[in-house]
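Inspection log for the structure reproduced underneath, given as structure tokens.
Computed over heavy atoms, backbone and side chain alike; hydrogens, waters and symmetry mates excluded.
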Amino acid sequence: MGFIGYYGDDLSGRAGCSNNNWGVVHVTRRDIPDGKIFRKLLQTSKAEGQTIFEDGYTTFGKGDGERTLNYKYTGKGYILAEKVAAGTEIRVRLQINAKEVAGCRESGCKLTFYDSFDYTNKFLPSKGVVIRNGDRTYTDGVKVAWTEVPAVQGDDDKEPDTWHFNSTPDDEMPVDWSDGMPTEADVEEADDMSVKASYEITPEQAASDDPWEAVFYVRMQENKTVNAYAVML
């Protein structure tokens, strides 16, 4: 790709941008890089001939298809995505390339998926959290926990996890996780919320060419861009 400006504009020579017509950088990388989390997908329903404010776009099962939102990270973990209407259901898919996790194919491993939301997005406990691999869906053995803060996993990979105010990033505090799914009342009372899902897989399962996914849903609270703090380890 070329040089991309803050607002996503192509500022490279191939775009004919003045004063930049000599500098073009091309970067080639693997579609599925090594590591733990490597992809996050945000999806909504869609319907031919409808606007984003109508049921075909806001509610799964009422459209004639689905769309994957385009988004980018804007710094500090924030995501800027396509606009969706208030009340829109968004499917979140966090993916792990398990066969690239060191030791997982030899002895199995525990996969843990994290995500956090601010006041613009509300987690939908009624739709649950499932683990998927290819065309298989797993619910038994999935351990879910939640907290009312934007939690992140510590660098030492040990519990408890930590969180901090944006204004005091160096003042980390332990996270008090609640096991199980939050209730609708829990979700309504929380301004921020983090959810994590864990699942143990065998060495044979870790060898799968398909990514392992944690799948859940949120609802957009305001008519604005998706702006969710996403922490994925």
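The shortest distance between side-chain heavy atoms of Leu94 and Asp115 falls below 4.5 Å. Looking at Ile131 and Thr137, their side chains never come closer than 4.5 Å, going by heavy atoms from C-beta outward. Taking 4.5 Å as the limit, every side-chain heavy atom of Asp192 sits out of range of all side-chain heavy atoms of Val149. Residues Ile201 and Trp212 form a side-chain contact, since some pair of their non-hydrogen atoms from C-beta on lies under 4.5 Å apart. You'll find the side chain of Arg219 stays beyond 4.5 Å of the side chain of Phe123, heavy atoms only. Under the 4.5 Å side-chain criterion, counting only non-hydrogen atoms from C-beta, Lys99 is in contact with Asn97. Counting heavy atoms from C-beta outward, Thr44 and Leu69 have side chains that approach closer than 4.5 Å. Lys110 is listed as a side-chain neighbour of Ser198, based on a closest heavy-atom distance under 4.5 Å.
With rounding to the nearest 0.5 Å, the separation of CD1 in Ile96 from SG in Cys109 is 8.0 Å. Atom CD of residue Glu189 and atom CD of residue Glu184 lie 12.0 Å apart, to the nearest 0.5 angstrom. Separation of atoms CD (Gln50) and CD1 (Ile52) is listed at 12.0 Å; rounding is to 0.5 Å. Taken to the nearest 0.5 Å, the CZ atom of Arg132 stands 8.5 Å off from the CD atom of Gln95. Rounding to the nearest 0.5 angstrom, the gap separating the CG atom in Leu111 from the CD atom in Glu200 is 8.5 Å. Met220 contributes atom CE, which lies 8.0 Å from atom OG1 of Thr88 (distance to the nearest 0.5 angstrom).
Closest heavy-atom contact between Lys122 and Val187: NZ-O, 3.2 Å. The nearest pair of heavy atoms linking Asn133 to Asp210 is ND2-O, 3.1 Å. Nearest approach of Asp64 to Glu48, heavy atoms of both residues: OD2-N, 3.0 Å. Of all the heavy atoms in Glu148 and Ala190, the pair that sits closest is CG-CB, 3.9 Å. Between Val144 and Val195 the shortest heavy-atom distance is CG1-CG1, 4.1 Å. When all heavy atoms of Pro182 and Pro125 are compared, the pair lying nearest together is O-CB, 3.1 Å.
Counting only distance, with no hydrogens or angles, the side chain of Glu54 and the backbone of Thr51 share a donor-acceptor pair below 3.5 Å. A donor-acceptor pair under 3.5 Å links the side-chain atoms of Ser45 to the main chain of Gly56, judged by distance alone. Remark: the backbone N or O of Thr147 is not paired with any side-chain donor or acceptor of Ser178 at under 3.5 angstrom. Looking at Ser208, its side chain never comes within 3.5 Å of a backbone N or O of Gln205 through a donor-acceptor pair.
The hydrophobic clustering, which links ILVMFWY residues whose side-chain heavy atoms are closer than 4.5 Å, places Tyr138 and Met181 together. Using a 4.5 Å cut-off between side-chain heavy atoms of Ile, Leu, Val, Met, Phe, Trp and Tyr, with links allowed through other members, Leu42 and Phe60 fall into different hydrophobic clusters. Ile90 and Val215 fall into different hydrophobic clusters, where Ile, Leu, Val, Met, Phe, Trp and Tyr are joined by side-chain heavy atoms under 4.5 Å apart, directly or via other members. Clustering ILVMFWY residues whenever any of their side-chain heavy atoms sit less than 4.5 angstrom apart, transitively, puts Val218 in a cluster other than the one holding Val130.
Donor-acceptor pairing under 3.5 Å is recorded for the side chains of Ser194 and Ser116.
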Residue pair Arg67, Val84: steps toward the side chain to side chain contact (heavy atoms under 4.5 Å, CB included) verdict = CA-CA 11 Å; Arg67 63 172 179 155; Val84 298; 3.6 Å; yes
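Of the candidates Arg91, Gln43, Lys127, Glu89, Arg91 is the only one forming a side chain to side chain donor-acceptor pair (under 3.5 Å) with Tyr217.
Ring geometry for Tyr114 versus Trp177: interplanar angle over 60°, hence perpendicular rather than tilted (30 to 60°).
Aromatic rings of Phe117 and Trp146 (six-membered ring for Trp) have centroids beyond the 6.0 Å cut-off, not under it.
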